[in-house]
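Written out below as structure tokens is the structure these notes cover.
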Amino acid sequence: MDSLIPFTTSGSLVDCVDRKMLVVLRDGRKLQGVLRSYDQFANLVLEDTVERIYHQDVFAETWLGLFLIRGENVVLLGEIDLDQEDEVPLRQVDWSVLEPYHKQETANKKKREDVKSQILYEEKGFSKEGGEGDGY
């Protein structure tokens with residue numbers, strides 16, 4: 001019966017080693033690279049890593065190289081299908097072209113999150129992230 005329970009620890013990453021992966025981080029960054037190693041805390045080592053930003057139907061990449069990611073910052077980890085990677089209907093542009101749009105989108109998102117956080121704090125009694133009562 002135990003064999004029917006999915007293996008959900010970091011050990012389930014063993015099949016992902018040496019494969020191209022997409023990692024979405026808590027701060028919203030999207031990284032692509034080859035998973036070279038991991039540990040029991042799901043800390044990841046990515047090789048040939050690039051950060052991608054998107055705006056409408058275009059994307060841009062910047063080279064990061066070898067990248068160590070603390071496991072608690074990973075929101076999503078998925079394998080990139082190399083056969084379908086080139087069929088994505090997005091056009092690549094230079095990083096410097098897309099970066100101002102990305103920064104503006106990030107700033108707008110932060111403003112919305114701050115407003116939402118303030119409303120939850122004042123009206124619902126939630127604690128603010130990083131504030132009193134948020135420690136564990």
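Atom set for the values below is all heavy atoms of this structure, side chains included, hydrogens, waters and symmetry mates excluded.
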How far does [atom1] of [X] sit from [atom2] of [Y], to the nearest 0.5 angstrom?
| X | Y | atom1 | atom2 | answer |
| --- | --- | --- | --- | --- |
| D39 | L44 | CG | CG | 8.0 Å |
| D114 | Q118 | CG | CD | 9.0 Å |
| F67 | R29 | CZ | CZ | 5.0 Å |
| I53 | K30 | CD1 | NZ | 10.0 Å |
| E47 | D18 | CD | CG | 9.0 Å |

#### Entry: T49 and its side chain to side chain contact (heavy atoms under 4.5 Å, CB included) partner, picked from L31, L66, I69, L68
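Filter result, single survivor: L31.
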
#### Entry: Beyond-backbone contact of L77 with L13, side-chain heavy atoms, under 4.5 angstrom
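Yes, at least one pair of side-chain atoms sits under 4.5 Å.
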
### Q104 vs N108 side-chain heavy atoms within contact, under 4.5 Å
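The answer is yes; the side chains approach within 4.5 Å.
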
#### Entry: Flag if over 12 foreign heavy atoms under 6.0 Å of OH, Y121
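Not buried by this count: 12 neighbours or fewer within 6.0 Å.
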
### Task
Can you see which heavy atom on V17 is nearest to which on Y38, and at what distance?
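Answer, listing the atom of V17 first, then Y38: CG2-CE2, 3.7 Å.
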
#### Entry: Minimum-distance pair of heavy atoms, taken over all atoms of V50 and W63
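Shortest heavy-atom separation between V50 and W63 comes out as CG1-CE3, 3.9 Å.
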
### Task
Output, in order, the C-alpha distance, side-chain angles, deciding distance and verdict of side chain to side chain contact (heavy atoms under 4.5 Å, CB included) for Y54 and L98.
CA-CA 8 Å; Y54 300 89; L98 210 52; 5.8 Å; no

### Query
Transitively linked via ILVMFWY side-chain contacts under 4.5 Å: L35 with V24?
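No; tracing contacts between hydrophobic side chains, which count when under 4.5 Å, never links both residues.
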
### Task
Treat each ILVMFWY residue as a node, draw an edge where side-chain heavy atoms are under 4.5 Å apart, and state whether V88 and F59 are in one component.
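Same hydrophobic cluster.
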
### Message
Between E113 and K116 (salt bridge meaning N to carboxylate O under 4.0 Å), is one present in this structure?
### Response
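Yes, this pair counts.
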
### Task
Apply side chain to side chain contact (heavy atoms under 4.5 Å, CB included) to V34 and R36, showing your working.
CA-CA 6 Å; V34 178; R36 290 298 181 200; 3.5 Å; yes

### Message
Applying ring pair (Phe, Tyr, Trp, His ring centres under 6.0 Å) as the test, list every pair that has at least one member in residues 79-115; sequence neighbours left out.
### Response
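Every pair satisfying ring pair (Phe, Tyr, Trp, His ring centres under 6.0 Å) with a residue in residues 79-115: H55-Y101.
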
### Message
So, using side-chain hydrogen bond (donor to acceptor under 3.5 Å, both in side chains) as the criterion, who are the partners of K20 when residues are at least two apart?
### Response
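Expected list: E85.
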
